[in-house]
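Here the structure comes first, spelled out in structure tokens, and everything after it is commentary.
Both ligands and their constituent atoms are indexed starting at 1 by order of listing. All heavy atoms count here, side chains included; hydrogens, waters and symmetry mates do not.
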Amino acid sequence: MKPTNSPKTYRVKSFGCQMNVYDGERMAEMLGEQGIVPAPEGEDADLVVLNTCHIREKAAEKVYSDIGRISKAGAEAGKQPLIAVAGCVAQAEGEEIMKRSPAVSMVVGPQAYHRLPEMLDKAVKGERATDTDMPAIAKFAALPERRRTNPASFLTIQEGCDKFCTYCVVPYTRGAEISRPYSDLVIEAKKLVDAGAKEITLLGQNVSAWSGENDKGHKVGLAGLIRDLAKVEGLARIRYTTSHPADMDDDLIAAHGDTPKLMPFLHLPVQAGSDRVLKAMNRSHTAESYLRLLERFRAARADLALSGDFIVGFPGESDAEFEETLALVDEVEYAQAFSFKYSPRPGTPAATMDDQIAREVMDERLQRLQAALNRDQMAFNHASVGKTCEVLVERKGKHPGQWLGKSPWLQSVWFEGDAAIGDLVQVELVEAGPNSLAGKLCEMAVV
Ligand code: 5AD
Ligand code: SF4
């Protein structure tokens, strides 16, 4: 069934990383500029954007089943929505999607989504369009101004990756590393603050590789950008993610000590604890160099909470090598972490390596690793009980009068009392759970 009318409502469904969340928000803003509004909760949208992720298994299958479900619902309702597939699956498998799924009328890669409105014009006329060009920075200039945001918002400052870890698809789907210009970022950060942001997380696949030229013409790295953004009035908190151990320079370490608005949190993926596995992954660090780096960060900011990413079952990983990952975890004591079973990604060097690990072995390793990470997360949360800290209120809790926000260490904290979304409040942490803490709102000082 060919759609005949321009869409009035949209739904953007983002999967995967925070960069996809950011891209999803920007696509939504663009559609808003076209006069299309978000579909009310529970109602079918006239336009569905599937903003996909390709980093691990079953991504493509998930997209096809989503497309199937959406078109079935459309057929039942007698009105097919327009479907756009965006994100990294679109980039990697766009042509295949167009061939296999006639219900899809737009395929748009992560560097091309600023062209969505033109593609939509065509789609409304029944024409199908694919755009998976990678025109580096053009996208950002073509996007509308930021007018609405959450108290904790994202700002993509860097895209792409030149690291080519042998398991990873990102260098192929997101392309080569590019840094957005300094002045654009300062402007976007100010707009976000004007729109209500209190916290900004600077995003990039390899955010620590960001570099630019400041308004005085001096070359600056991530630390310089953070220090300058810290001067933006009304902005209370800065975070950044994700970094690579190879690009963490002295200045960034120092910024954790000298910039109070930079939150005491570092997400620094290590992936594995065995040097042989790390080499086969084409990571340029060893377990030891990673640990020494963390020591330097902790010396700059004693209360730094650490987070990481892990892959278990990389091709050829022996039991003894996996034990080295557990030993590293024991040594670091992460506040939180993400862990995954290795998933062969088409086109990456590791996918064709000998000695792929059996599923049962990966399952068992993942369970053991997650048990250790959960233990440390719980211990970290317990150790926070009794502290009073600032919480940024992000949303209402389940019960009336309840609020949910984040501590400086990125823990979810809920509390009751007189507050509003966007408030920065002092909360005493009174009880720890595995994934959140209960807090008590402190009396505000009456002046
Ligand atoms: N298999 C499993 N996990 C992966 N990651 C990236 N590629 C793969 C893969 N092929 C994980 C890494 C990375 C995180 C974003 O996803 O841990 O840091
Ligand atoms: Fe992928 Fe991160 Fe390695 Fe880049 S640094 S190739 S994004 S895992």
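A donor atom on one side chain and an acceptor atom on the other are not found under 3.5 Å apart for Asn214 and Asp228. Side-chain polar atoms of Gln411 and Asn381 form a donor-acceptor pair below 3.5 angstrom.
For atom 3 (Fe) of ligand 2, the nearby protein N/O/S atoms, meaning those under 2.8 Å, are Cys165 SG.
Residues forming a ring pair (Phe, Tyr, Trp, His ring centres under 6.0 Å) with Phe310 (at least two apart in sequence, or on another chain): Tyr334.
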Pairs under 3.5 Å, N/O atoms on ligand 1 and on the protein: can you put them in a table with the distances?
| from | atom 1 | to | atom 2 | distance (Å) |
| --- | --- | --- | --- | --- |
| ligand 1 | 1 (N) | Ser343 | N | 3.0 |
| ligand 1 | 10 (N) | Tyr167 | O | 3.0 |
| ligand 1 | 10 (N) | Ser343 | O | 2.8 |
| ligand 1 | 16 (O) | Arg56 | NH1 | 2.8 |
| ligand 1 | 17 (O) | Gln271 | OE1 | 2.7 |
| ligand 1 | 18 (O) | Gln271 | NE2 | 2.9 |
| ligand 1 | 18 (O) | Asp309 | OD2 | 2.7 |

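Between the side chain of Asp249 and the backbone N or O of Leu252, at least one donor-acceptor pair lies under 3.5 Å.
Aromatic ring pairs are classed by plane angle as parallel below 30°, tilted from 30° to 60° and perpendicular above 60°; the pair Phe314 and Tyr167 is perpendicular.
In terms of heavy atoms, Ile311 sits closest to Glu317 at O-OE2, 4.2 Å. Annotation for Ala272 and Met281: closest pair CB-CE, 4.2 Å, computed over non-hydrogen atoms.
Counting only heavy atoms from C-beta outward, the side chains of Leu202 and Leu222 approach each other to under 4.5 Å.
At a distance under 4.0 Å, a protein heavy atom can be found next to atom 3 (Fe) of ligand 2.
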Pairs under 3.5 angstrom only: tabulate donor-acceptor contacts from the side chains of residues 239-246 to other protein residues two or more places apart or in another chain.
| from | atom 1 | to | atom 2 | distance (Å) |
| --- | --- | --- | --- | --- |
| Arg239 | NE | Glu199 | OE1 | 3.4 |
| Arg239 | NE | Glu199 | OE2 | 3.0 |
| Arg239 | NH1 | Pro408 | O | 3.1 |
| Arg239 | NH2 | Ser407 | O | 3.1 |
| Arg239 | NH2 | Pro408 | O | 3.4 |
| Tyr240 | OH | His256 | NE2 | 2.7 |
| His244 | ND1 | Ala246 | N | 2.9 |

